[in-house]
**Q** 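Following this message is one structure expressed as structure tokens.
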Amino acid sequence: MHDISRIRRDPNGFDVAMARRGMAPQSAILLALDNARREAIATEEASQARKNARAKAVGQAKARGDHVEAQRLLDEVGASIEGAVTEVRVRQETELTGALSILPNILDADVPEGRDETANLVVHQHGNPADLPNAKQHFELGEALGLMDFATATRLSGSRFVVLKGQLARLERALGQWMLGLHTDTHGYTEVNPPLLVNAPTLYGTGQLPKFEEDLFKSGDHYLIPTAEVPLTNLVADQVIPEPLEPLRFSALTPCFRSEAGSAGRDTRGMLRQHQFSKVEMVSITRPEDSDAEHERMTRCAEAVLTALGLTWRRIFLCAGDTGFGAARTYDLEVWLPGQKAWREISSCSNCRDFQARRMKTRFKRGKEMVFAHTLNGSGVAVGRALIAVMETHQQRDGTILVPEVLRTWMGTDKVGSGAAIS
RNA sequence: GGAUGGGUGGCCGAGUGGUCGAUGGCGCGCGCCUGGAAAGUGCGUAUAGGUCAAAAGCCUAUCGUGGGUUCGAAUCCCACCUCAUCCGCCA
């Protein structure tokens, strides 16, 4: 959410910022709405003040026992209520808030210019893409092992679902448990087990509503979370929190639910893009001056996961056109999939600065001032995609999959599919 | 789901139609007292919005939320949310 008084002070700067997102100038319409709103407020307040003064005079007259004067005042009042002015004010405020709430965050100055992912910047690469001869894709491996079943999932639920069985189901569980443990035990995050169903104000706080409702699954008055970023960030919603000298860090392993309304036909094979998937999420709440360092730190926490799994990955600095609605800057982590012979996103770490905090009203007191907190979120990492990456990266010639060292105690074996029939 | 009782400032807690943004206490801040501290004592201590170049000041709103009654609502009425307890149901 944007600060209208800031737009008022520098309308041109705001238009330039929105232009980087590929948007038309917004300030003229916003300022017009703001003027109308302020006019409505002035009108209403003047009316209120008159009303208050009259009521007070009546009260004072009665208090001193002057019933004649009190009655005179009452007679004078007559039909003086002006309810319409309140209606106008509420409408003007709603209009301005509505217009502001669908505008994306202002990007950091150093975010690369560009309209789409082709302008993203590779910041760092770990390892080199392996060129495995006859490398198979994860769904070929999984189906051959009889442990990954899309046909049955389709019967149960439709497209974009999967049934994992046996050691692959266990590998998925092992990945999630191990990652969460890594963040809570060694990266300083507090483990949280949040609700998976949340209400509309909560989704408004992190920016999914009102603009992206079609991406969400809804059940009654609740929505299924598209990411644990939503409940984790909103832990501090509507609060004046003690100023945190160290960032507040939360992590959770949860299922995520996405309608994938806008991605018909994309990534339909395999389990790359599902309606339901597990993800380990990291969220930090910081002071403004600490969010840059925290963003770097958080990204490294995600990178540590990929490195420990023996994956080949790279860090991408998303360009202006590819950065999400609520973020001021975003690093994506992409992992190399030897079977697919492509880099695919497996984590996304964003600094939202005070954009979400304004929506959530998360502040702390600094001296006499109220300061909006900064919020950050990152995947640490997407479990389903980590499963894919592990399968494709550590596949063996015989179609089995070598279990990364760090997962062996969770798996009780060093190989998935050993003994299974290989096609 | 049913019944009953609650939701007031950072916290506790008064307040049942009138100068109430709200007594008092705790906490916090600044003083006084003291050799220093404790105790005692004095003063101060909400948020948002508007007006203003800015500050001060002034105005408006906020006693769970939204409506209503009234010249005037923390206080009365209605709906909803939420908490507690009891009953029912249930993994």
Side-chain angles (χ1 to χ4, degrees), chain A residues 1-13 30-101 193-205 209 219-223 231 234-245 248 255 285 354-373:
Chain A
M1 178 64 93
H2 298 287
D3 181 1
I4 185 64
S5 65
R6 208 178 123 186
I7 298 172
R8 216 184 291 151
R9 255 176 279 128
D10 182 15
N12 193 47
L30 292 174
L31 292 185
L33 287 173
D34 182 44
N35 282 333
R37 165 186 148 267
R38 285 191 293 162
E39 201 175 302
I41 287 173
T43 305
E44 187 200 24
E45 289 189 350
S47 158
Q48 293 275 27
R50 279 197 298 277
K51 186 185 85 174
N52 288 345
R54 279 196 297 263
K56 197 168 179 175
V58 174
Q60 282 170 338
K62 285 200 172 174
R64 79 176 99 86
D66 189 345
H67 295 287
V68 178
E69 171 68 0
Q71 192 53 52
R72 192 189 68 75
L73 285 164
L74 281 180
D75 292 342
E76 190 182 284
V77 168
S80 58
I81 310 143
E82 303 155 74
V85 294
T86 299
E87 237 169 85
V88 172
R89 192 217 77 218
V90 168
R91 196 174 63 235
Q92 293 298 343
E93 286 191 334
T94 307
E95 265 190 58
L96 178 62
T97 312
L100 285 172
S101 65
N193 192 331
L196 307 180
L197 290 163
V198 297
N199 57 28
T202 299
L203 285 153
Y204 178 85
L209 291 180
S219 170
D221 290 334
H222 291 99
Y223 296 85
N234 276 281
L235 289 175
V236 295
D238 260 315
Q239 285 186 52
V240 179
I241 57 173
E243 186 168 1
L245 297 179
L248 306 178
I285 315 296
D354 65 2
F355 187 79
Q356 295 177 324
R358 284 180 183 279
R359 289 172 164 255
M360 298 190 302
K361 302 192 190 345
T362 300
R363 298 155 300 171
F364 47 81
K365 216 166 199 167
R366 176 176 289 174
K368 299 204 91 170
E369 243 190 324
M370 291 296 246
V371 181
F372 284 107

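Predicted model only: the values in this text are computed from it and were never measured. Sequence lines set the chain letters: A, B, ... in the order given, protein chains first and strands last, and positions in each chain run from 1.
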**Q** Measuring to OP1 and OP2 of B:rU60, would you say a side-chain N or O of A:Asn52 lies under 4.0 angstrom away?
**A** yes
**Q** With rounding to whole Å, what would you report as the distance between B:rG21 and B:rA61 at their C1' atoms?
**A** 11 Å
**Q** Determine the Euclidean distance between corresponding C1' atoms of B:rG49 and B:rU34; express it in Å to zero decimal places.
**A**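 Between the two C1' atoms, the distance is 47 Å.
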**Q** Any side-chain N or O of A:Arg54 below 4.0 angstrom from OP1/OP2 of B:rG72?
**A**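 Indeed not, no polar side-chain atom of A:Arg54 lies that close.
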**Q** Can you tell me how far C1' of B:rG17 sits from NZ of A:Lys56, to the nearest Å?
**A** 17 Å
**Q** Mark yes when over 12 heavy atoms from residues, nucleotides or ligands other than A:Glu39 sit less than 6.0 Å from its CD; otherwise mark no.
**A**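 Not more than 12 within 6.0 Å, no.
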**Q** For B:rA37 and B:rC32, measure between their P atoms and round to the nearest Å.
**A**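 To the nearest whole Å, 11 Å.
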**Q** Flag the pair A:Arg89 and A:Glu93 as a salt bridge only when some basic side-chain nitrogen lies within less than 4.0 angstrom of an acidic carboxylate oxygen.
**A**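 Between A:Glu93 and A:Arg89 there is a salt bridge, with a charged N closer than 4.0 Å to a carboxylate O.
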**Q** Identify whether any heavy atom of A:Ala42 sits under 4.0 Å from a base atom; if not, whether one sits that close to sugar-phosphate; answer base, sugar-phosphate or nothing.
**A**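 A:Ala42: no heavy atom of the nucleic acid under 4.0 Å.
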**Q** Searching all strands shown, indicate the nucleotide that pairs with B:rG18 (Watson-Crick or G-U wobble; both distances under 3.5 Å).
**A**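 Checking every strand shown, B:rG18 finds its partner in B:rC71, with both distances under 3.5 Å.
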**Q** The side chain of A:Met370 lies closest to which of these nucleotides: B:rG72, B:rU60, B:rU47?
**A**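 Nearest to the side-chain atoms of A:Met370, counting from C-beta on, is B:rU47.
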**Q** Any side-chain N or O of A:Gln48 less than 4.0 Å from the OP1 or OP2 oxygen of B:rA61?
**A** yes
**Q** Rounded to the nearest Å, what distance is computed from the CG atom of residue A:Asp221 to the P atom of nucleotide B:rC80?
**A**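 Whole-Å distance recorded here is 13 Å.
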**Q** Name the nucleic acid region contacted by A:Arg363, choosing base, sugar-phosphate or nothing; use a 4.0 angstrom heavy-atom cut-off, strictly under.
**A** sugar-phosphate
**Q** What's the shortest heavy-atom distance between A:Phe372 and A:Asp354, and which atoms?
**A**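 Residues A:Phe372 and A:Asp354, closest heavy atoms: CB-CB, 3.8 Å.
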**Q** Distance check needed: B:rG49 C1' versus A:Ile41 CD1, whole Å only.
**A** 6 Å
**Q** Determine the interatomic distance between C1' on B:rU4 and the same-named atom on B:rG18; round to the nearest Å.
**A** 33 Å
**Q** Going through the checks in order, is the salt bridge (Lys or Arg N to Asp or Glu O under 4.0 Å) test met by A:Asp10 and A:Arg6?
**A** CA-CA 6 Å; A:Asp10 182 15; A:Arg6 208 178 123 186; over 6 Å; no
**Q** Can you tell me the base-pairing partner of B:rA84? Count Watson-Crick or G-U wobble geometry only, both distances below 3.5 Å, and say none if there is no partner.
**A**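 Base-paired to B:rU4.
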**Q** Which whole number of Å gives the distance between the C1' atom of B:rG68 and that of B:rA73?
**A** 11 Å
**Q** Using atom C1' of each nucleotide, how far apart are B:rA3 and B:rU8 to the nearest Å?
**A**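 B:rA3 and B:rU8 have their C1' atoms separated by 26 Å.
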**Q** Find the partner of B:rG42: check Watson-Crick (N1-N3 plus N6-O4 or O6-N4) and G-U wobble (N1-O2, O6-N3) distances, both under 3.5 Å, and reply none if neither fits.
**A** B:rC30
**Q** Taking the P atom of each, how far is B:rA46 from B:rA53, in whole Å?
**A** 27 Å
**Q** Between B:rG50, B:rC71, B:rU60, which one does the side chain of A:Arg37 approach most closely?
**A** B:rG50
**Q** What's A:Arg89 touching, base or sugar-phosphate or nothing? Going by heavy atoms closer than 4.0 Å.
**A**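 Nothing: the residue A:Arg89, judged by heavy atoms under 4.0 Å, touches no strand.
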**Q** Find the distance A:Met360:CE to B:rU47:P and express it as a whole number of Å.
**A** 19 Å
**Q** Between P on B:rC81 and CG on A:Asp238, what's the gap in Å once rounded to a whole number?
**A** 19 Å
**Q** Measure CZ/A:Arg8 against C1'/B:rU51 and give the value in whole Å, please.
**A** 11 Å
**Q** Judged by each residue's nearest nucleotide on RNA chain B, which is more toward the 5′ side, A:Ala53 or A:Glu45?
**A** A:Glu45
**Q** Which heavy atom of A:Thr362 sits nearest to which heavy atom of A:Ile241, and what is that distance?
**A**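 That would be CG2-CD1, 4.4 Å.
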**Q** Which atom pair, heavy atoms only, marks the closest approach of A:Arg359 to A:Leu209?
**A** NH1-O, 3.2 Å
**Q** Take atom C1' in B:rA74 and the same atom in B:rA56, then report the distance between them in whole Å.
**A** 31 Å
**Q** Between B:rG49 atom P and A:Arg6 atom CZ, what is the distance in whole Å?
**A** 15 Å
**Q** May I ask you to say what A:Lys365 touches in the nucleic acid, namely base, sugar-phosphate or nothing, with a heavy-atom cut-off under 4.0 Å?
**A**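 Counting heavy atoms under 4.0 Å across all strands, the contact made by A:Lys365 is with sugar-phosphate only.
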**Q** Got a sec: does the CZ of A:Arg366 have more than 12 other heavy atoms crowding it under 6.0 Å?
**A**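 Yes, CZ of A:Arg366 has more than 12 neighbouring heavy atoms, counting only those of other groups under 6.0 Å.
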**Q** With both distances kept under 3.5 Å, what pairs with B:rU47, Watson-Crick or G-U wobble?
**A** B:rA61
**Q** How many whole angstroms separate atom CD of A:Glu243 from atom P of B:rG10?
**A** 18 Å
